[in-house]
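Worksheet: one structure, shown below.
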Amino acid sequence: MRKIKLKSKVHVETMRKSGKAASIMLQRIGEAIEPNISTYQLDQICRETIKEFGGKSSFLGYQLPNHPPYPATICASINEEIVHGVPHKDRILKKGDIVSIDTAIFLDGFHGDNAFTFAVGKISDQAQQLREVTKASLYEAIGQAKSGNRLGDVCHAVQSYVENRGYSVARDFVGHGIGRKMHEAPQVPNYGEPGTGIRLKPGMVLAIEPMINIGTSQSVVLEDGWTAVTADLSLSAHFEHTVAILSDGPDILTDNFELWNNF
Ligand code: MF3
Ligand code: CO
């Protein structure tokens with residue numbers, strides 16, 4: 001098992017800069033989302049913004065085991081796509097779609113990582129409820145991300161919140177520790193037993209990222225080696241924050257009032 005890297009207060013402040021930058025990338029993309037824009041164009045916005053901040057993409061060229069290098073700076077996952085949707089000129093958003101955008105940046109030696117499911121024009125009540133429940137489950141989990149609690153308390157908070165409302169957790173993908181590497185220990189599943197797992201300590205920084213489906217929890221990865229879709233093609237949503245655990249509670253490093261309160 002890999003060791004968890006605790007961050008000093010100074011590291012957390014540096015990570016707040018990375019987190020803020022990642023949130024601005026996400027906000028700018030959100031402002032550009034409208035019917036007829038391609039996910040390729042959204043990726044271009046992110047590339048420009050990363051340059052402006054003087055950082056590097058956390059995603060471009062990233063390799064997960066058994067995946068080709070990731071070819072873009074955002075993930076853009078439309079409707080039944082859960083996560084890791086690869087931007088493409090041919091993927092055009094249309095009214096009624098939901099699109100989960102994931103942005104991350106490597107800045108001053110640390111990563112910031114966040115995600116948000118946007119509505120493209122007017123969406124169905126069903127899609128809107130999925131967005132609301134998924135976003136709320138993230139905040140339930142963050143509420144449990146405090147010193148003295150256990151990791152399972154965080155994981156269980158997502159699972160119980162969404163399952164009590166009839167939704168399912170996409171079980172093949174997890175959140176993660178984050179710092180000098182985008183993916184650090186521990187893994188943060190969106191399901192688990194309360195009172196189990198490692199004890200949370202000040203200085204831990206977690207990317208908490210519920211991926212929630214209307215139908216089955218099962219997923220399938222498409223031919224491109226990245227894009228994960230729900231096995232029954234039901235809608236999926238994804239919200240993510242980078243969260244520092246401090247002595248006085250959780251601190252959301254990717255917070256951005258304009259983005260998260262404009263729902
Ligand atoms: N936020 C996602 C994650 O934590 C995005 C990874 S995309 C990749 O896994 F391209 F970097 F793999
Ligand atoms: Co992440």
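Counting starts at 1 for both ligands and their atoms, following the listed order. All residue numbers in this chain count up from 1 along the given sequence.
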Query raised in the report: Measuring from the heavy atoms of F173, does anything fall under 4.0 Å of ligand 1?
Result: no
Requested in this report: Please say whether the positively charged group of R171, taken as NZ for Lys or CZ for Arg, lies over the ring of Y191, i.e. under 6.0 angstrom from the six-membered ring centre and within 45 degrees of the axis.
Outcome: yes
Query raised in the report: Is the NZ or CZ atom of R165 both under 6.0 Å from the centre of the six-membered ring of Y161 and within 45° of that ring's axis?
Result: yes
Query - ligand 1 atoms in contact with Y62 (distance to a heavy atom under 4.0 Å) - result: 11 (F), 12 (F)
Query raised in the report: Is a donor on one side and an acceptor on the other found under 3.5 Å between the side chain of R150 and the backbone of I198?
Result: no
Query raised in the report: Of E209, Q187, K181, E184, which meets side chain to side chain donor-acceptor pair (under 3.5 Å) against H176?
Result: E209
Query raised in the report: Can you check whether D113 has an N/O within less than 3.5 Å of an N/O in ligand 1?
Result: yes
Query - ring-ring contact (aromatic ring centres under 6.0 Å, His included) evaluation trace for H183 with Y62 - result: CA-CA 11 Å; H183 292 145; Y62 190 82; 5.2 Å; yes
Query - Nearest-neighbour protein heavy atom for atom 4 (O) of ligand 1, which is reported as residue plus atom name and distance - result: H176 NE2, 2.7 Å
Query raised in the report: Heavy-atom count around Q63 CD within 6.0 Å, excluding the residue itself: above 12?
Result: yes
Query raised in the report: In terms of side-chain geometry, is the basic nitrogen of D251 or R16 positioned less than 4.0 Å from the acidic oxygen of its partner?
Result: yes
Query - Atom indices of ligand 1 within 4.0 angstrom of M182 heavy atoms, with elements - result: 11 (F)
Report task. For E240, counting its heavy atoms only, list the atoms of ligand 1 lying under 4.0 Å from any of them. Result -> 1 (N)
Query raised in the report: Leaving waters out, which protein N, O or S atoms fall under 2.8 Å from the Co ion (ligand 2)?
Result: D113 OD2, H176 NE2, E209 OE2, E240 OE2
Requested in this report: If you have a sec, work out which protein heavy atom is nearest atom 3 (C) of ligand 1 and how many Å separate them, to one decimal?
Outcome: H183 NE2, 3.3 Å
**Report entry** Plane angle bin for F106 and H111 - parallel if under 30°, tilted between 30 and 60°, otherwise perpendicular
**Finding:** tilted
Query raised in the report: Does S38 offer a backbone N or O that forms a donor-acceptor pair with the side chain of Q41 under 3.5 Å?
Result: yes
Query raised in the report: Should C75 be listed as contacting ligand 1, given a heavy-atom distance under 4.0 Å as the test?
Result: yes
Query raised in the report: Should the pair F239 and F263 be assigned to parallel (<30°), tilted (30 to 60°) or perpendicular (>60°) ring geometry?
Result: tilted
Report task. Could you tell me whether some N/O pair between D102 and ligand 1 is separated by less than 3.5 angstrom? Result -> yes
Query raised in the report: Of the backbone atoms (N, CA, C, O) and the side-chain heavy atoms from C-beta on, which set of Y70 has a member under 4.0 Å from an atom of ligand 1: side chain, backbone, both, or neither?
Result: side chain
Query raised in the report: Under 30°, 30 to 60°, or over 60°: which ring-plane class applies to Y139 and W260, parallel, tilted or perpendicular?
Result: perpendicular
**Report entry** Interfacing atoms of ligand 1 (cut-off 4.0 Å, heavy-atom, W226)
**Finding:** 12 (F)
**Report entry** N or O pair under 3.5 Å between E209 and ligand 1
**Finding:** yes
Requested in this report: Taking only Lys NZ, Arg NE, NH1 and NH2, and the carboxylate oxygens of Asp or Glu, determine whether D97 and K94 approach each other closer than 4.0 Å.
Outcome: yes
